[in-house]
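Since the structure comes first, as structure tokens, the remarks are kept for the end.
Every number for a ligand or one of its atoms is a count from 1 in the order of the listing. Quick note: residue numbers are just sequence positions, from 1. If you're wondering where the values come from, they're calculated on a predicted model, not measured in any experiment.
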Amino acid sequence: DLVRELRGLFDVEQRLARRLGLQRVIVVPGDADVDETAKKEIARATARFLKEVLREGQVLAVTGGTTLAEVARSLPEESVPLGITVIPGRGGLGEDVELQANTVAAEIARRLRANYRLLHVPDDLPDEAVNSVVSQPQVRELLALIRRADIVLHGVGTAEEMARRRRLGAADVEKLRRLGAVGEAFGYYFDRQGRPVYQTGTFGLRLEDLAGCGQVVIVGGGRSKAEAALAVISTRYQDVLITDEGAALRMLELL
Ligand code: G3H
């Protein structure tokens, strides 16, 4: 906290919260684009935030990505169960298994000694197969839980990087560019105004479900993610932003 104070980060947090209409902004020192420790700091701050806000009986929905995987690794291994339920926000989005929401949810649950439920659905199922999976009682129950999550914790990425990571084809990449997609979160790609312009074909949390959830927390840092984070926050669904100095200062420049 001393570092944050010396670097004027409390002031940056307040300015961003005001400009973006967020309840709370947490900015850690550094820039994850050039310094891996900044990502670890973001993860630690997020772990502290979770421990502070989670209450017994609550449902925590999480997405995947390297930042969220680091958040999981930053949580202490509790000796007493926290009495919460951890669930993935979406099914697989075409990423490596270590980065998938299921894996992150399971690791968070293990550390917090929480209950968990997973969403085991292959990516890119044809529509009829998706419909049949979604009609299964266990899946319906999980989808209902997702829609009333008390806390949704999600990462954010640039449209370009996420399209590459998920191996989207050239035609889709071109489409994203044409539609002006700059940011991605939980499978949705957004343009600068925060309009969802493209969606990855899987199911789970829908954008409009966020309105019915409790606190929505966006986590991610690095100067390169500033525009993406602004795009996602323009949807006005987010309540809390946890980021680093690199992204925060760039966001203030762009606003
Ligand atoms: O949806 C966005 C990504 O999950 C962010 O991934 O944390 O690895 O940059 P990252």
- atom 2 (C) of ligand 1 - nearest protein heavy atom and its distance: E184 OE1, 3.1 Å
- Answer yes or no: is there a side-chain heavy-atom contact under 4.5 Å between L230 and L255? yes
- ligand 1 and T66, any nitrogen or oxygen pair closer than 3.5 angstrom? yes
- Note on the structure: Among non-hydrogen protein atoms, atom 9 (O) of ligand 1 lies closest to K225 NZ, 2.6 Å
- Whether R165 lies under 4.0 Å from ligand 1, heavy atom: yes
- Item | G157 neighbourhood, listing ligand 1 atoms whose heavy-atom distance to it stays under 4.0 Å | 2 (C)
- Distance to 0.1 Å, residue and atom name: give those for the protein heavy atom nearest to atom 3 (C) of ligand 1. M162 CE, 3.4 Å
- Message: Within the 4.5 Å heavy-atom criterion, are V25 and L20 side-chain neighbours or not?
- Response: no
- Task: Looking only at protein heavy atoms, identify the closest one to atom 7 (O) of ligand 1 and say how far it is in Å.
- Result: T67 OG1, 2.5 Å
- Between R111 and L75, which heavy-atom pair has the shortest distance, and what is it? NH1-O, 2.8 Å
- Message: Do K175 and Y189 make a side-chain contact, defined as non-hydrogen atoms from C-beta onward lying under 4.5 Å apart?
- Response: no
- Contact with ligand 1 for V156, non-hydrogen, under 4.0 angstrom: yes
- Query: What about G64: any of its N or O atoms under 3.5 Å from an N or O on ligand 1?
  - Reply: yes
- Query: Salt bridge or not for R192 and E227, using N-O below 4.0 Å?
  - Reply: yes
- For ligand 1, the portion of L68 having any non-hydrogen atom under 4.0 Å away: neither
- Is it true that a side-chain atom of Y188 and a backbone atom of L207 form a donor plus acceptor pair closer than 3.5 Å? yes
- Query: Does the pair R165 and E161 meet the rule for a salt bridge (Lys or Arg N to Asp or Glu O under 4.0 Å), with working shown?
  - Reply: CA-CA 6 Å; R165 197 188 289 177; E161 157 75 13; 3.3 Å; yes
- Task: Indicate, as side chain, backbone, both or neither, the part of H154 found under 4.0 angstrom from ligand 1 when only non-hydrogen atoms are considered.
- Result: neither
- What closest approach, in Å, do I146 and C213 show between heavy atoms, and which atom pair accounts for it? O-SG, 3.7 Å
- Task: Could you see which bit of E161 sits under 4.0 Å from ligand 1, with heavy atoms only: side chain, backbone, both or neither?
- Result: neither
